[in-house]
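Notes to accompany the following structure.
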Amino acid sequence: MKDTCIEIKYKDKVYHAYFNLNVMEQIQDEFGTLQAWGDMTTAGEEPNAKAIITGLMYMINEGIEIDNEDNGTKTKPITHKQAGRILTELGLEQTAQQINGLVVDSVSDDAKNE
């Protein structure tokens, strides 16, 4: 697994959303398995909004923590509702595809090494 990041631009702010082991652990705690979460977020008939919002929140908050550590800043984590507003603004389907792409990119090295 590699640390993979995407930039999410919302209003006048740029967020770095990461998928790494910390985020994976949070998703597993919340949804049981990464696969179960992935199935919920896949753009089918109706993706699960809570799963997408929660995953995005975890990914952005990991980015905030990393940025705070690297830059000595003290940016507060975003809330579930803020993540929902970001998704609403950017579009649920497009953002879900970005999130799923981020996860695939992050774990692709592991699949190659097996």
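- The heavy-atom pair separating Ala17 from Leu102 by the smallest distance is O-CD2, 3.6 Å.
- Taking CD1 from Ile86 and NZ from Lys81, the interatomic distance works out to 14.0 Å, rounded to the nearest 0.5 Å.
- Taken to the nearest 0.5 Å, the CE atom of Met59 stands 14.0 Å off from the CD1 atom of Ile64.
- Of all heavy-atom pairs between Met40 and Ala51, the closest is CB-CB, 3.8 Å.
- Of the candidates Leu56, Leu87, Val14, Ile8 forms a side-chain contact (heavy atoms from CB on, under 4.5 Å) with just one, namely Leu56.
- Criterion: ILVMFWY side-chain heavy atoms under 4.5 Å apart, direct or through other members. Under it, Val103 and Ile66 are not part of a common hydrophobic cluster.
- When hydrophobic clusters are built by joining Ile, Leu, Val, Met, Phe, Trp and Tyr residues whose side-chain heavy atoms come closer than 4.5 Å, directly or via intermediates, Tyr15 is not grouped with Tyr18.
- Listed for the Asn22 side chain is no donor-acceptor partner under 3.5 Å among the backbone atoms of Glu62.
- Two residues are said to be in side-chain contact when any heavy atoms from C-beta on lie closer than 4.5 Å; Asp39 and Asn48 fail this criterion.
- In this structure the side chain of Phe31 reaches within 4.5 angstrom of the side chain of Thr54, judged on heavy atoms.
- A heavy-atom distance below 4.5 Å is found between the side chains of Met24 and Leu34.
- Of all non-hydrogen atoms in His80 and Lys50, the two that sit nearest each other are NE2-O, 4.2 Å.
- Counting all heavy atoms, side chain and backbone alike, Ser106 lies closest to Phe19 at OG-O, 3.1 Å.
- Between the side chain of Asn71 and the backbone N or O of Thr73, no donor-acceptor pair lies under 3.5 Å.
- Every residue was checked against the salt bridge (Lys or Arg N to Asp or Glu O under 4.0 Å) condition with Lys9, not counting sequence neighbours, and none meets it.
- For Glu89, there are no salt bridge (Lys or Arg N to Asp or Glu O under 4.0 Å) partners two or more places apart in sequence or in a different chain.
- In this structure, the side chain of Asn20 engages the main chain of Val23 through a donor-acceptor pair within 3.5 Å.
- The closest side-chain heavy-atom distance from Thr75 to Lys13 is below 4.5 Å.
- Here the CD atom belonging to Gln82 is positioned 12.5 Å from the CD1 atom belonging to Ile53, to the nearest 0.5 angstrom.
- Using a 4.5 Å cut-off on side-chain heavy atoms (C-beta onward), Ile78 and Met57 make contact.
- Remark: the backbone N or O of Pro77 is not paired with any side-chain donor or acceptor of Asn61 at under 3.5 angstrom.
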Practice task
Could you walk me through whether Glu30 and Tyr58 pass side-chain hydrogen bond (donor to acceptor under 3.5 Å, both in side chains), step by step?
Solution key: CA-CA 11 Å; Glu30 180 82 21; Tyr58 291 155; 3.3 Å; yes
